[in-house]
Amino acid sequence: MPFYHKLGKIPHKRHTIFKKPDGSLYREQLFGTIGFDGMSTNSYHEHHPTQVKEILGHKDVTPKIAVSTNLKSYKFHGFKTIPQPDYLDSRSTVLHNSDVSIILAAPTQSLKDYFYKNADADELLFIHKGKGKLRTHLGNLDFSYGDYLLIPRGIIYKIDFETEDNRLFIVESRRPIYTPKRYRNHFGQLLEHAPFCERDLRQPYELETNDEKGEFLIKVKKENQLFDMVYATHPFDVVGYDGYNYPYAFSIHDFEPITGRVHQPPPVHQTFETDAFVVCSFCPRLFDYHPESIPAPYNHSNIDSDEVLYYVDGDFMSRNDIEAGHLSLHPSGIPHGPHPGAVERSIGQTKTEELAVMVDTFKPLKITEEGMAIADDSYHQSWLEDNH
Ligand SMILES: [Fe+2]
């Protein structure tokens, strides 16, 4: 997060004596990224955050690849992902490469029995269905339909759902996820032309401080292994922190679309960036207002990026047979564009209610076994005009 946040109690100076009411010391932790060169947070704990009791074992969660080289467009039926009680068990990786995993999840219960920490990757959770609270060692965030939750790598968290019917679209990124640099000035502040501003980004507001000792299970994901680590102190024992590295929330409904007289290119929808992929939000908006404009997108060939679209809500005007919860993959190497009839259908329309999240990756994506289990294998032929 490129701006400063402070929560709870912190001492006047970094790296100085900070005493508890009983005269003993709070324990400081600098939580940094990219060595000491990236964003960091200084947190103050009831106990040393280093007290590992046991590493009990680990489980391999490497995605099983079914299609490793691909030139076919695919559609996946995201809502066919089977709901499961446990948050981690419910996560199903559909697409994967060395930078990013695209995951669908339908957890029916809150994560209560253990804590979770992804040491490999930043996690971007998009809440398609569900309502609840993300609880982290750096404070809590409420979430509901349409929220992105950005959880930087290493944040220890739990997730509470008020609902049973939860649908999450998750982007797990081994490259740090930032707001786009072109939206920011050289101080890091979001510029006037950006489709959102700092006011739209919600910071953790509620710190849970627990000074309990005992046995606390944290499942730590590292190199695609899920380690069972037992801590001797409660992982949520922070009394205060400040810095730039913390989880935050942003609602897709707060994204202000940029429109024009003629069709605007996908980068106007950009929401997040990494050096390996971008994330864009397609939101309800007015269509292009040139009298001769064609609101449907033109055919395009991003020769060197795979395009993943997750359809959230509304009528997606450029596609036929697309419903909420569908996921499409348009791979690099071939052009893609509107379905037959979509161009004509779009002419004269003044607005769209579509809501979708797009992830464009620079490296090709592999399709997993879980992905193929929900794939529509004939989608790549759905542009043939003779079929319609
Ligand atoms: Fe596209």
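Numbering of ligands and ligand atoms starts at 1, following listing order.
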### Message
Would Ser332 and Asp304 count as a side-chain hydrogen bond (donor to acceptor under 3.5 Å, both in side chains) here? Give the steps.
### Response
CA-CA 5 Å; Ser332 56; Asp304 47 12; over 6 Å; no
#### Entry: the Fe ion (ligand 1) - name of the N/O/S atom of His300 that sits closest to it
NE2
### Query
Taking both backbone and side chain into account, is any N, O or S atom of Asp360 nearer than 2.8 Å to the Fe ion (ligand 1)?
no
### Message
If the cut-off is 2.8 Å, does any N/O/S atom of His330 fall short of it from the Fe ion (ligand 1)?
### Response
no
### Message
Quick check for you: with the Fe ion (ligand 1) as the vertex, what angle do NE2 of His336 and OE1 of Glu307 span, to 10°?
### Response
90°
### Query
What class does the angle between the rings of Phe272 and Tyr248 fall in, given that below 30° is parallel, 30 to 60° is tilted and above 60° is perpendicular?
tilted
### Task
Just jot down the ring pair (Phe, Tyr, Trp, His ring centres under 6.0 Å) partners of His234, sequence neighbours excluded, or say none.
Phe115, Phe216, Phe236
Show me the donor-acceptor pairs within less than 3.5 Å that the side chains of residues 292-299 make with the rest of the protein, sequence neighbours left out.
| residue | atom | partner | partner atom | Å |
| --- | --- | --- | --- | --- |
| Ser293 | OG | Asp288 | O | 3.2 |
| Ser293 | OG | His290 | O | 3.1 |

